[in-house]
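Okay, so here's the structure we're looking at.
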Protein chains: 2
Amino acid sequence: MELNERMKTILTAVVHRYITTAEPVSSGIIAQKYNLNLSTATIRHEMYLLEKNDYLWQPHTSSGRIPTDRGYRFYVDNLMVKNYLKEKEKREIIQIYKKSKEFEETMKITSQLLSNLTNNIGVVLAPVIYNNIVKNIQFVSVGNNRILTVIVTDTGLVCQKIISVSGEINTDRLSYLSNFINSKLAEKDINITNLNNILMDELDKIISFQEKFNYIHNFLEECFDIEYSENKVYLDGRINIMKHPEFKEIDKLNYILSLIEEENILANTIRRYLGFRKTKITIGKESKLKEMQNCSLVTSEYSIKGKPVGAIGILGPTRMDYPRMVSIAEYISDKLSEILSEF
Amino acid sequence: MELNERMKTILTAVVHRYITTAEPVSSGIIAQKYNLNLSTATIRHEMYLLEKNDYLWQPHTSSGRIPTDRGYRFYVDNLMVKNYLKEKEKREIIQIYKKSKEFEETMKITSQLLSNLTNNIGVVLAPVIYNNIVKNIQFVSVGNNRILTVIVTDTGLVCQKIISVSGEINTDRLSYLSNFINSKLAEKDINITNLNNILMDELDKIISFQEKFNYIHNFLEECFDIEYSENKVYLDGRINIMKHPEFKEIDKLNYILSLIEEENILANTIRRYLGFRKTKITIGKESKLKEMQNCSLVTSEYSIKGKPVGAIGILGPTRMDYPRMVSIAEYISDKLSEILSEF
DNA sequence: AATTAGCACTCTCATAGGGAGAGTGCTAAA
DNA sequence: TTTAGCACTCTCCCTATGAGAGTGCTAATT
């Protein structure tokens, strides 16, 4: 069924009202607060139709209406108007970012900004390094048979990993190895995902006529499984979720709590959205994850030097101010892209 | 007032009973479950005295008794019997630790173990590096005018920090600098806390007759404020706290939530306990922190090569099984010490 | 002098009933 | 097509009530 203009207006009114009050919205309130010049009876009839088509529902007969996931979806896709941030807010965000010169801190600040601005949970997925072009590799001996491997990618990201090797590794061999690898890197574009394979092939060639040190083999293998390391996630504002009236009682938090506890669930969800669209909204049961059935998630990608590498997200109840969430997510991801590109 | 033996027995019984049921303990239950061969009236009288001396309290007249913070304190100091872990549990812990070969992961596993074994919040304070002797410093150029500084301490800890310098820094100068610093380090014991001052003094001497590069000054200053960097904290089991009946309603969580949200509060609290005693128990209002008034915290130090460097902690409601918490904290901190010393 | 039985008293908790209020669905009139 | 009018439904809050748990106190017992 196609919604007519009046139904769209009423659906919009219900969504807006419910977002601000968290109370079921009655026909009377709509008539009173949103001047549609319609009687409550007429509005009631339209609401009845909206309910029949699964855009609204009632907690019980004789109560007002609440938008369904489908109602929110229709609102988000067809009705909502972008709500740009005020200049003052933008300036404040820029001000806060100025404090930080370091990568880690920038990530932390971003998640804090997200949660503070939205009163929801702020999520930042650290840049994924798969497929980044490797520019340079260096090895630093840090004692006790441990080597710190430092990989610098074309986007300027620095990945570090300490690995233990069996037996003392000679500093000369180490620099020989890094020189060798860096010369190979200079020859062609090698990304982290295939770094290991390509280097192993090359190494096999020279090993036949060079001295044979097996452990370098193992060493390299350990170094370059970085791609399998889990992406770091920055979470902030966990307690915000508990301030929302829909979660007054702890039992109602049930599933959401695992999102708060296990950062990986959120990280994986967001990672899966990467590379499709700048901004993505997932509403309630649209997510297959049972942990997210009562929540909505707004994610927005950020990039380094034009290359999308990660995403930020806002997690809250389905009853969230979508226009504002989207504007905040997009503004912050743009700022973050700028800052990371400058690093 | 000195407690007589019978009062101690009754206090112990009340604590034990309350820890397991979370319900106020009545005189009837004590008479029935703990065979003291006393009538309820007698027990009631003793409980009345215990209440008058602030070891017990009643939520309302005509309800059973609950231990006060003071009651728990007396129990912990004078009545409780250490409850060693079962061999099976010990084996399981060792098994789980075997999975991890990396520092970061070891820390994470430790906090998970703590929370899983105790059903409370597990906290691990990463090793503090202040006053550690500096063994070696290296600089790695990671492009875009950024230098990765790697400091290795005598306990084998590796601190890394990326700093930005103004203008390109010559690789030769960088290695000259690191050679210079490392030669100074070899001459005498220099710890991280005074590293900056000593090096600045030394640098001033040579700078007078060496070429003058101001920016190295600034560069060094930035490098060596590591001591002011905040200690990392690993938290796990945040949602455990919500499973306890005393926190059934969200409002009752009030203060504790800030502990869950702001890791620094906990980190600072634990850090302040460092260096005094292996294990420390803080019960409810004994902590000056308002955030901890409804909680207890059991902390236990761990060390690397005999040198105490950090602590682990268990955070839960004051109604916790103290003997078990202490055994777990001590066992885990010992294991962690072993593992970190081997790295 | 210490302990205990007995009992009145207090407080919680669960249940039910009743009335006010909000909001709906339906119908007939405009 | 819209609306006024009204009966109906459901929630919420208040009150009353009674059972049950547990205490404090007193007088009797050991």
Side-chain angles (χ1 to χ4, degrees), chain A residues 1-11 13-14 17-18 20-68 71 245-246 248-249 252, chain B residues 1-11 13-14 17-18 20-68 71 245-246 248-249 252:
Chain A
M1 178 201 177
E2 190 71 17
L3 298 192
N4 63 37
E5 282 312 306
R6 201 165 67 184
M7 288 169 91
K8 289 179 184 172
T9 314
I10 290 176
L11 178 55
V14 172
R17 180 76 190 174
Y18 186 63
T20 54
T21 65
E23 298 283 319
V25 183
S26 72
S27 55
I29 285 287
I30 300 282
Q32 186 189 320
K33 303 270 177 186
Y34 304 77
N35 32 0
L36 310 182
N37 294 322
L38 291 173
S39 75
T40 59
T42 312
I43 294 171
R44 215 142 53 225
H45 182 66
E46 298 286 38
M47 285 171 118
Y48 164 78
L49 293 177
L50 284 166
E51 181 173 352
K52 235 178 49 178
N53 285 281
D54 193 29
Y55 293 100
L56 297 177
W57 68 285
Q58 297 178 288
H60 56 88
T61 35
S62 90
S63 88
R65 259 80 174 197
I66 295 173
T68 60
E246 37 268 78
K248 257 272 136 55
E249 285 139 56
K252 302 219 173 117
Chain B
M1 180 203 178
E2 190 70 18
L3 298 192
N4 63 36
E5 281 312 306
R6 201 167 67 187
M7 287 168 92
K8 289 179 185 174
T9 314
I10 290 176
L11 178 56
V14 172
R17 180 76 191 174
Y18 186 63
T20 54
T21 63
E23 298 283 319
V25 183
S26 72
S27 55
I29 285 287
I30 300 283
Q32 187 190 319
K33 302 271 178 186
Y34 304 78
N35 32 2
L36 311 182
N37 293 320
L38 291 173
S39 74
T40 59
T42 312
I43 294 171
R44 215 141 53 223
H45 181 64
E46 298 285 39
M47 286 170 115
Y48 163 78
L49 293 177
L50 284 167
E51 181 172 353
K52 235 179 49 177
N53 285 280
D54 193 30
Y55 293 100
L56 298 177
W57 68 283
Q58 296 177 289
H60 57 88
T61 35
S62 90
S63 87
R65 258 81 173 196
I66 295 173
T68 59
E246 37 266 80
K248 256 274 134 53
E249 286 139 57
K252 302 222 173 115

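Just so we're on the same page: letters track the sequence lines, and every chain starts at 1. Note that this is a predicted model, so its numbers are computed, not measured.
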Worksheet item: Once each nucleotide of nucleotides 21-30 of chain D is scored for protein heavy atoms under 4.0 Å, what B/S/- sequence comes out, 5' to 3'?
Response: -BBBB-----
Worksheet, complete the sentence: When rounded to whole Å, the CG to C1' distance for the pair Leu36(B) and dA2(C) reads 16 Å
Worksheet item: Does a nitrogen or oxygen in the side chain of Thr42(B) sit under 4.0 Å from OP1 or OP2 of dT3(C)?
Response: no
Practice prompt. Determine which pairs satisfy side chain to side chain donor-acceptor pair (under 3.5 Å) with at least one residue from residues 21-34 of chain A, sequence neighbours left out, and list them in order.
Written response: Ser27(A)-Arg44(A)
Item to complete: Decide yes or no on side chain to side chain contact (heavy atoms under 4.5 Å, CB included) for Leu3(A) and Tyr55(A), but give the supporting numbers first.
Response: CA-CA 10 Å; Leu3(A) 298 192; Tyr55(A) 293 100; 3.6 Å; yes
Item to complete: Would you mind reading off the distance between Ile43(A) atom CD1 and dA4(D) atom C1', rounded to a whole angstrom?
Response: 14 Å
Fill in: Euclidean distance, atom CD of residue Glu23(B) to atom P of dG20(D) [Å, nearest integer]
18 Å
Worksheet entry | All side chain to side chain donor-acceptor pair (under 3.5 Å) counterparts of Ser63(B), not counting sequence neighbours | none
Discussion item. Donor-acceptor pair, distance only, cut-off 3.5 Å: does the side chain of Asn35(A) make one with the backbone of Ala31(A)?
Written reply: no
Discussion item. Looking at Thr9(B) and Glu5(B), would you say the former's side chain and the latter's main chain have a donor-acceptor pair under 3.5 Å?
Written reply: yes
Discussion item. Expressed as a whole number of angstroms, how long is the span from His60(B):NE2 to dC11(C):P?
Written reply: 9 Å
Item to complete: Give me the one residue out of Ile10(A), Ile30(A), Leu56(A) that meets side-chain contact (heavy atoms from CB on, under 4.5 Å) with Arg65(A).
Response: Leu56(A)
